[in-house]
Structure formats: C-alpha cells, structure tokens
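Structure, as structure tokens:
Reckoned from all heavy atoms, side chains included, excluding hydrogens, waters and symmetry mates.
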Amino acid sequence: ADLLDQMSKALHAYDQERFLLNTLLKNLPDQIFFKDAAGQYIRVSDSFAKRYGYDKPEALVGLTDFDLLGQDAGAKVYQEEMEIIRLNEPQLGKIEQEKLPGKGTQWRMVNRIPMLTESGDATGLLGITHDITDMKQAQELAQKNARQLRIAAEVARDTSSTLSTRDLMQKSVN
C-alpha cells in the first residue's frame, strides 16, 4: 500500500511538472529549445517553432540547425554549441544580430546552458532566446539624438563666442 501511495504521488508530481513545462513552452514569447548532445532538437517552444515557420513544435523534433539555418550558419551554431557542451560552461547574455528575409535585421539575447546529469556529464543543451530588437533600435535612436544634441550644443557655443559671421559659418560647417 505504501509503495502504491508513493507511486501515485510520484505520478501526480510528474503530471504537474509536465503541465507546468507545457504551459511555459506554449505561452512564453521567448524562444526555448532543448537539444541532445548531437545537436538535434528534442523539444521547442511554440514561439521557437513559429519563428522558423512551423505551426507545431513537434515538427522540429529530430531536426538540427543545418535543417533550419542552412549549411554555413548551421555549422557555426553547431560548433558554438558543441563547445558549450564539451566545456560544460553556460553562455549567458550573448547578443546576436540576425538578418531575416522579409523581416529585416533582428537582435536577440541568447542564453545556452548545458544540461548536466547528476554526475556532471552534459547530455544536451537548453537555449533561451529573447528578442531585443526594439531595445536595440531605441538605443540606436538615443545615440543618434545624443550626437545631434552634441552638435547643436557645439554650434550654440561657437555662435555665442564668435562675432564674425564668416568665422561662425566656417565653424558651423566644420
């Protein structure tokens, strides 16, 4: 009876963990993926599947970055991720720029974490990608506005210190 009770509790805990993971992967806007040690997708979030044009996340199971990104880009990602798995060292907060056809330039913050067994061996990789395109565009706009303000301040300074129109025009052009 105790064994049956323990098994029932373990099954309930498993069902609850699975429900929580499924809810997270279905609803989170960040793109999440799990890969095995060979670089094949084990599981991905709905947002990850949609990013690559798939309606169902299950369609990506067994695929690799070579399938999604092509030979050159796939090889680059594969090498980076195999190094993370080999070293058992996470890669956190890496900013990447990506040019997507029809979508323009997009920026993302990527976190790649090796999945380790209790003995410390890497069995795969967990990846979480957050779209930071809006933040990068706001940063670029702020930098452009700061440059324009700095130039306007320099012209104003020169205007107040120069009496000659000719000198003022030359400094403004410079």
Side-chain angles (χ1 to χ4, degrees), residues 3 5-143:
L3 189 58
D5 186 47
Q6 288 175 357
M7 191 166 82
S8 176
K9 286 179 183 177
L11 283 173
H12 177 71
Y14 171 79
D15 286 342
Q16 186 173 7
E17 291 293 324
R18 186 162 175 83
F19 170 75
L20 294 173
L21 178 62
N22 287 338
T23 301
L24 179 77
L25 292 176
K26 185 159 193 65
N27 296 298
L28 197 66
D30 288 351
Q31 293 137 21
I32 300 172
F33 63 84
F34 297 91
K35 290 182 179 178
D36 64 17
Q40 292 183 327
Y41 290 99
I42 301 170
R43 185 117 190 245
V44 301
S45 65
D46 286 24
S47 58
F48 187 90
K50 286 179 184 149
R51 178 172 191 258
Y52 290 101
Y54 290 84
D55 292 331
K56 297 185 186 267
E58 297 82 21
L60 281 97
V61 173
L63 297 181
T64 67
D65 288 315
F66 294 99
D67 300 313
L68 296 180
L69 305 173
Q71 194 64 30
D72 293 337
K76 181 180 179 230
V77 171
Y78 179 79
Q79 288 173 352
E80 285 180 15
E81 291 179 348
M82 290 302 113
E83 188 69 7
I84 292 167
I85 290 172
R86 187 181 70 76
L87 296 174
N88 289 346
E89 297 266 334
Q91 179 187 68
L92 304 174
K94 182 179 181 190
I95 306 296
E96 295 180 349
Q97 180 183 12
E98 183 177 34
K99 295 184 192 280
L100 296 175
K103 295 184 179 180
T105 301
Q106 293 190 332
W107 292 89
R108 56 194 188 149
M109 182 177 3
V110 180
N111 299 290
R112 293 180 180 101
I113 304 161
M115 296 186 300
L116 305 176
T117 63
E118 288 184 22
S119 62
D121 299 323
T123 62
L125 194 73
L126 160 65
I128 303 171
T129 302
H130 180 72
D131 185 353
I132 59 168
T133 303
D134 292 340
M135 183 178 73
K136 288 297 277 185
Q137 288 172 343
Q139 181 184 29
E140 288 170 3
L141 180 62
Q143 288 172 343

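Leu3 CG: 12 or fewer foreign heavy atoms inside a 6.0 Å radius. Remark: Asp15 CG is packed, more than 12 non-hydrogen atoms of other residues, nucleotides or ligands lying under 6.0 Å away.
Atom CD of Gln31 and atom CD1 of Ile128 lie 11.5 Å apart (nearest 0.5 Å). Atom-to-atom distance recorded for Leu126:CG and Phe34:CZ is 5.0 Å, nearest 0.5 angstrom. Rounding to the nearest 0.5 Å places CD1 of Ile132 at 7.5 Å from CH2 of Trp107. Taking CD from Gln106 and OG1 from Thr129, the interatomic distance works out to 11.5 Å, rounded to the nearest 0.5 Å. To the nearest 0.5 Å, atom OG1 of residue Thr105 and atom CD of residue Gln137 are 9.0 Å apart. For the atom pair Ile42 CD1 and Thr123 OG1, the distance stands at 7.0 Å (nearest 0.5 Å).
Ala49 approaches Pro57 most closely through the heavy-atom pair CB-CA, 3.7 Å. When all heavy atoms of Leu92 and Asn111 are compared, the pair lying nearest together is CA-OD1, 3.2 Å. For the pair Leu69 and Gly74, the tightest heavy-atom approach, listed with the atom from each and the gap, is CB-N, 3.9 Å.
Residues satisfying the ring-ring contact (aromatic ring centres under 6.0 Å, His included) criterion with Tyr52, sequence neighbours excluded, are Phe48. In this structure, the salt bridge (charged side-chain N to carboxylate O under 4.0 Å, His left out) partners of Asp5, at least two apart in sequence or on a different chain, are Lys9. Taking Thr117 as the reference, Ser119 meet the side-chain hydrogen bond (donor to acceptor under 3.5 Å, both in side chains) condition, with sequence neighbours excluded. Residues passing the side-chain hydrogen bond (donor to acceptor under 3.5 Å, both in side chains) test with Lys76: none are found, sequence neighbours excluded. For Lys56, there are no side-chain hydrogen bond (donor to acceptor under 3.5 Å, both in side chains) partners two or more places apart in sequence or in a different chain. Every residue two or more places apart in sequence or in another chain that forms a salt bridge (charged side-chain N to carboxylate O under 4.0 Å, His left out) with Lys94 is listed here: Glu80, Glu96. With sequence neighbours left out, Gln91 forms a side-chain hydrogen bond (donor to acceptor under 3.5 Å, both in side chains) with Arg112. The side-chain contact (heavy atoms from CB on, under 4.5 Å) check on Gln16 picks up His12, Leu20, with sequence neighbours excluded.
Pairs engaging residues 111-143 under the ring pair (Phe, Tyr, Trp, His ring centres under 6.0 Å) rule: none recorded [sequence neighbours left out]. Among pairs with a residue in residues 37-46, those fulfilling salt bridge (charged side-chain N to carboxylate O under 4.0 Å, His left out) read Lys26-Asp46, at least two apart in sequence or across chains. Screening residues 73-97 for ring pair (Phe, Tyr, Trp, His ring centres under 6.0 Å) gives Phe66-Tyr78 as the qualifying pairs, with residues at least two apart or on separate chains. Every pair tested for salt bridge (charged side-chain N to carboxylate O under 4.0 Å, His left out) that includes a residue from residues 115-143 fails, sequence neighbours excluded, so the list is empty.
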Apply the test side chain to side chain contact (heavy atoms under 4.5 Å, CB included) to residues Met82 and Ile85: give CA-CA distance (whole Å), side-chain angles for both, the deciding distance (0.1 Å), then the verdict.
CA-CA 5 Å; Met82 290 302 113; Ile85 290 172; 3.8 Å; yes
Derivation and outcome, side chain to side chain contact (heavy atoms under 4.5 Å, CB included), residues Leu60 and Asp67:
CA-CA 9 Å; Leu60 281 97; Asp67 300 313; over 6 Å; no
Mind running side chain to side chain contact (heavy atoms under 4.5 Å, CB included) on Phe33 and Asp65 for me, showing each step along the way?
CA-CA 11 Å; Phe33 63 84; Asp65 288 315; over 6 Å; no
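Of the possible donor and acceptor atoms, one in the side chain of Asn88 sits under 3.5 Å from a partner among the backbone N and O of Gly120.
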